[in-house]
Amino acid sequence: MSYALEPKGILFHSFYVVILSINAIAYALKYIAAKAIDCVRAEPVIYKKLEAASDDIALLRAYVGDRPTWRNPQHPWRVDSRFKLTGVPTLVRWDENDKISGRLEDHEAHLENKLDALIAGK
């Protein structure tokens, strides 16, 4: 199955969403927030692994906002029945049926072996 990115008609075999805190590097430098540090650690590993994958991959970066916004129990990413997000960074593999077919949570999104398995569809 391939995904078409409209309107250009570019085809991708895999589609991923990486959900991060606000601009993690700037936030980490200013506030040294634990979740921003998690994102700073995971982002380069995620990008390296996705770039090295043999399939054509589309990646959407989404941000949860600043700490007070993210800490709100009614945050849209927390209450959305598809995501039920509990931490950032989270990497989600989206399948052709508009369903999540795999995910790596905040405590594992930086682990290369876990990323390899997710990319391989395992």
Side-chain angles (χ1 to χ4, degrees):
M1 181 71 176
S2 296
Y3 302 91
L5 182 62
E6 297 297 331
K8 300 200 185 256
I10 300 169
L11 294 179
F12 296 97
H13 289 74
S14 299
F15 187 78
Y16 294 85
V17 179
V18 62
I19 304 164
L20 305 161
S21 62
I22 61 171
N23 185 334
I25 294 172
Y27 193 75
L29 291 174
K30 187 171 181 183
Y31 299 104
I32 312 299
K35 288 303 166 188
I37 298 297
D38 291 346
C39 292
V40 169
R41 178 177 58 176
E43 267 189 281
V45 181
I46 291 169
Y47 300 148
K48 177 179 85 170
K49 288 296 185 176
L50 292 177
E51 287 172 5
S54 59
D55 286 342
D56 290 326
I57 291 175
L59 176 66
L60 171 69
R61 279 186 285 184
Y63 297 94
V64 298
D66 61 12
R67 187 175 179 84
T69 302
W70 169 238
R71 289 293 173 207
N72 180 345
Q74 295 304 309
H75 189 287
W77 288 104
R78 291 183 183 278
V79 299
D80 186 295
S81 63
R82 295 166 296 180
F83 292 97
K84 297 179 184 172
L85 203 64
T86 60
V88 290
T90 296
L91 179 64
V92 174
R93 182 180 178 130
W94 202 266
D95 74 16
E96 63 271 5
N97 298 316
D98 288 332
K99 302 269 189 223
I100 293 173
S101 61
R103 69 190 290 149
L104 295 176
E105 304 286 343
D106 55 338
H107 62 279
E108 58 192 354
H110 66 286
L111 300 174
E112 293 192 29
N113 63 324
K114 299 272 189 165
L115 285 161
D116 290 337
L118 180 70
I119 293 167
K122 298 177 182 174

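All values derive from a computational prediction rather than experimental measurement. Only heavy atoms go into these numbers, but all of them, side chains included; no hydrogens, no water, no symmetry mates.
- Closest heavy-atom contact between Ala53 and Ile119: CB-CG2, 3.8 Å.
- For the side chain to side chain contact (heavy atoms under 4.5 Å, CB included) test, residues two or more places apart in sequence or in another chain that qualify with Glu112 are Val45, Lys48, Lys49.
- To the nearest 0.5 Å, atom CZ of residue Arg93 and atom CG of residue Leu115 are 12.0 Å apart.
- Rounded to the nearest 0.5 angstrom, Ile46 CD1 and Leu104 CG are separated by 7.5 Å.
- For Pro89 against Asp38, the heavy-atom pair with the smallest separation is CD-CB, 3.6 Å.
- Remark: Thr69 engages Asp66 in a side chain to side chain donor-acceptor pair (under 3.5 Å) (not counting sequence neighbours).
- The line from OG1 of Thr90 to CG of Asp106 is 5.5 Å long, rounded to the nearest 0.5 Å.
- Using a 4.5 Å heavy-atom threshold, the side chains of Leu85 and Arg103 count as touching.
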Return a table of donor-acceptor pairs under 3.5 angstrom between the side chains of residues 73-80 and protein atoms on other chains or two or more places apart.
{"residue": "His75", "atom": "ND1", "partner": "Trp77", "partner atom": "N", "Å": "3.0"}
{"residue": "His75", "atom": "NE2", "partner": "Val64", "partner atom": "O", "Å": "2.8"}
{"residue": "Arg78", "atom": "NE", "partner": "Trp70", "partner atom": "O", "Å": "2.9"}
{"residue": "Arg78", "atom": "NH2", "partner": "Trp70", "partner atom": "O", "Å": "3.0"}
{"residue": "Asp80", "atom": "OD1", "partner": "Arg82", "partner atom": "N", "Å": "2.7"}
{"residue": "Asp80", "atom": "OD1", "partner": "Arg82", "partner atom": "NE", "Å": "3.1"}
{"residue": "Asp80", "atom": "OD2", "partner": "Arg82", "partner atom": "NH2", "Å": "2.7"}

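- Residues passing the side chain to side chain donor-acceptor pair (under 3.5 Å) test with Lys84, sequence neighbours excluded: none.
- Qualifying side chain to side chain contact (heavy atoms under 4.5 Å, CB included) partners for Leu111, counting only residues two or more places apart in sequence or in other chains: Glu108, Asn113, Lys114.
- By the 4.5 Å heavy-atom criterion applied to side chains, Ile100 and Phe83 are counted as neighbours.
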